[in-house]
Structures are given as C-alpha cells and as structure tokens.
**Student:** 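Handing you a structure now.
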Amino acid sequence: MSTKKKKLTPKPGIETIKAYQGGKPIEEVKRELGISDIIKLASNENPIGPSPLAMQAIQESAKQAHFYPDGNAYYLKADLAKHLDVTEDQLILTNGSNEVLQLVGETYLGPGDEVIYAEGAFVVYKLVATVCGATPVVVPMQKDTHHLPSMATAITDKTKAIFIANPNNPTGTMVTAAETAQFMAQVPENVLVIFDEAYYEYVSHPDYPQTLPYVMEERNFIITRTFSKIYGLAGLRIGYGIAPPSIIATMNPVRQPFNCNAVAQAAARASLKDTDHVKKSQELNAAGKVFLYTAFDKLGLRYIKTEGNFIMVFVNQPGADLADAMMKKGVIVRAMAGYGYPDAIRVTIGKQEENERFLEALTPLVRSS
Ligand SMILES: *Cc1c(COP(=O)(O)O)cnc(C)c1O
C-alpha cells in the first residue's frame, strides 16, 4: 500500500463552486482592525433585532435544551398554518429557508436535469444545482430584474426546476403579478417553480404577486419564506416551504430528522404573535429607504429601487475597494462583484443612526459619475 496521500475526487462540478461568502461578523472585523465601534449593514438582518416576545421564548426554551426538538415542529406548524391560511400538510419547517432550496436539490435534481435561474439572482440556486450535478441554465436579467419571458423561453424538455427570488437579493427588484401569471401559463405542468420570498413581509408594492394560489391549485410550486429577515432570527436558522402536500411529503423524509432546533421553533412561534414588531420593522425600513434614496440622489449616485430591506447602489469605483475603505471606518457593507456588479455595493437599511453613520463614512469616498 502506498503511503503517499491521495487526493479524494469530489463529484463533478463541486470544484467549480466557491463557499458562500456571508457578511463579515462584527467580532471578526473588531479583531482584524482593532476598532470597537462597528455597524454591520451587510447581511439584510433586522436592525432592531428579534421581537421581545421571541427573546423571552428563547430564554424559556433554553431550559429545555437537553431535550431533542420536536422533529415535526408540531406547534409551530399549526401556528404557521393558521397565520398563512394553509393546511399543515402544505408546510415544511427548515433550518433557514436555505434548507428548502437544498431539499429541492436533494429531492428532485440530478445529472441531466436543467435548472433555470437568473444571472444576478441569489447565489444559492447555482450552488444547489451544481452540487446535485444538474445543469445550470443562466438567463440574463433585464433592468436588473428577473425577465420571466426569457426564462420561459429557456425551458426545454430537460428543465426540472426554475428558481425565482422575489424580490431578488441583491438587486431588490421584483416581478409583478401580471408577469408571474403570464409566466405560469407558459411553464409546463411537470416543471417545478420555486418562488423565494425571503423578503415577503417587507414588500409594499401593489403589483407584488400573491403566489399561494399556485400551491392551492396543486401546481408544481414551492414558496420559501423565512424568520431570518423581518422576524430578526437569522442566527437561529429557521424558515419554511409552502407547497402542495405531495411535494411536502416527498421532501420530508429527505431532511434531517431534527433540522429545526427547539429554541428556534419557540422563537418563531413567539415572533408570529408580535405583529407590532413586524409593523415597527416595516415602518423603520420604509423611512430608512426614503432617507437613503434622498441622500444617494444628493450624492449623484445611481441606485436600484428596492422592495427589500437593502439597496444596491453604484459607486463609480470598484465596490470591493469602497467596501474595504468603509470597513476601516467601522461600517460593513457588501461588494457586489460576485453578482456581476463590480461597481456596486449593497447596503442593508439600518436604524436611522446607522444609516447616518453609513452616509458619513460613504460621503468622503464618493466619486460622481
Ligand atoms: C436571506 C435570503 C434567504 C434566507 O436565508 P435563510 O436561510 O432563511 O436565512 C433566502 N433567499 C434570499 C434571496 C435571501 O436573501
């Protein structure tokens, strides 16, 4: 037997993907730069944090942390079913909504299957398709927005799934109800459509599509939503999928038995009750959006109007350089080169004082176009 180390060969495609780049944690930036006063506007987290009711529930459930969680998330599922006006067999609870995307891959996608998503869409669709050995079919956006007619044109008889982020991260743009209806009329019945609605609770646009009817009509359709964004529970990892019962039943055995931890389940249940906290978060976001738009206008910076809790803004210089310079001033934002926008950054809409601090750091670095 040779003692020489042999390289293990991963499945085809694995070596073409990169690990997901999250926003840098505040503690890491503190360590690296030796500055203590840092704000993070890089990962679309809720700037006012979890609901106080959720924090109470977290403390309570921590006392039971030695028990395995309820693997079927019985109570949370019941609460959610009521909240959404769906049946419990139309729901799957997951470790962040990201896990639904992964379950789609593990359950349905393999070599020979084509997976359609947009260029400049949330990067996880590419990861899922590649890891499963499926073939990514990447369709360009138009006006920084998913262009559903082109995505429909990309469908072949090998197409298995189509991922759509609505609104999209990082562009913040959405497809309308009319566009969605037209698209769904063109999608063959056997193709699975996934609408990723992580920012659903932030959207205020009157033309935003309500996609639940596609689930009710038993189309091959999955909606993903999350407690990570407006509910402020990103650190606990809890999200869900809404789909026809046959799809839920098919995916359910594929997930880990205890994929949703008990503390997260308790926090999510409490969060659903706190409608005031959701409203407060929506209002803060709406006000911060207007405040930042006005400031960008004054600075002569182009930005994309957002339906989420973040804004993509074009900075007329490499976004990575600007993000680095901002970081040195204690403000963490995200560079967007990885999404095909080398001259842009994405900033999460923060609290008023955070938005002001962000602008204070940005203004001296601005180059007009
Ligand atoms: C943040 C985000 C998610 C949610 O991720 P979780 O796993 O629920 O934390 C999903 N899709 C998009 C487009 C996102 O921006």
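Hydrogens, waters and symmetry mates play no part in the numbers below; they use all other heavy atoms, side chains included. Source: prediction; values computed, not measured. Indexing begins at 1, ligand by ligand and atom by atom, following the structure's order.
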**Student:** Could you tell me whether the side chain of Asp113 and the main chain of Ala134 form a donor-acceptor pair under 3.5 Å?
**Tutor:** no
**Student:** For ligand 1, which atoms sit closer than 4.0 Å to a heavy atom of Asn169?
**Tutor:** 13 (C), 14 (C), 15 (O)
**Student:** Parallel, tilted or perpendicular for Tyr125 and Phe122, by the 30°/60° rule?
**Tutor:** perpendicular
**Student:** Using a strict cut-off of 4.0 Å, indicate which atoms of ligand 1 neighbour a heavy atom of Ala198.
**Tutor:** 2 (C), 3 (C), 10 (C), 11 (N), 12 (C), 14 (C)
**Student:** Ligand 1 and Ser97, any nitrogen or oxygen pair closer than 3.5 angstrom?
**Tutor:** yes
**Student:** Among all protein non-hydrogen atoms, which one is nearest to atom 8 (O) of ligand 1, and what is the separation to 0.1 Å?
**Tutor:** Thr226 OG1, 2.5 Å
**Student:** Quick one: does Tyr125 get an N or O within less than 3.5 Å of an N or O on ligand 1?
**Tutor:** no
**Student:** For atom 3 (C) of ligand 1, what is the nearest protein heavy atom, given as residue, atom name and distance?
**Tutor:** Lys229 NZ, 3.4 Å
**Student:** Test Glu197 against every option in Thr226, Thr211, Asn166 by the side chain to side chain donor-acceptor pair (under 3.5 Å) rule and name the one that passes.
**Tutor:** Thr211
**Student:** Is a side-chain donor-acceptor pair under 3.5 Å present for Arg346 with Asn169?
**Tutor:** yes
**Student:** Evaluate the side-chain contact (heavy atoms from CB on, under 4.5 Å) criterion for residues Tyr20 and Asn98: first the C-alpha distance (whole Å), next the side-chain angles of each, then the deciding distance (0.1 Å), finally the verdict.
**Tutor:** CA-CA 12 Å; Tyr20 179 81; Asn98 206 83; over 6 Å; no
**Student:** Please report which non-hydrogen protein atom sits nearest to atom 7 (O) of ligand 1, along with the residue it belongs to and the distance in Å to one decimal place.
**Tutor:** Arg237 NH2, 2.7 Å
**Student:** Got an N/O contact under 3.5 Å between Ser228 and ligand 1?
**Tutor:** yes
**Student:** Less than 3.5 Å between some nitrogen or oxygen of Tyr199 and one of ligand 1, yes or no?
**Tutor:** yes
**Student:** Check the side chains of Asp274 and Ser51 for a donor-acceptor pair under 3.5 angstrom, ignoring hydrogens and angles.
**Tutor:** yes
**Student:** How far is atom 11 (N) of ligand 1 from the closest protein heavy atom, and which atom is that?
**Tutor:** Asp196 OD2, 2.6 Å
**Student:** Do Glu99 and Asn259 have side-chain N/O donor and acceptor atoms under 3.5 Å apart?
**Tutor:** yes
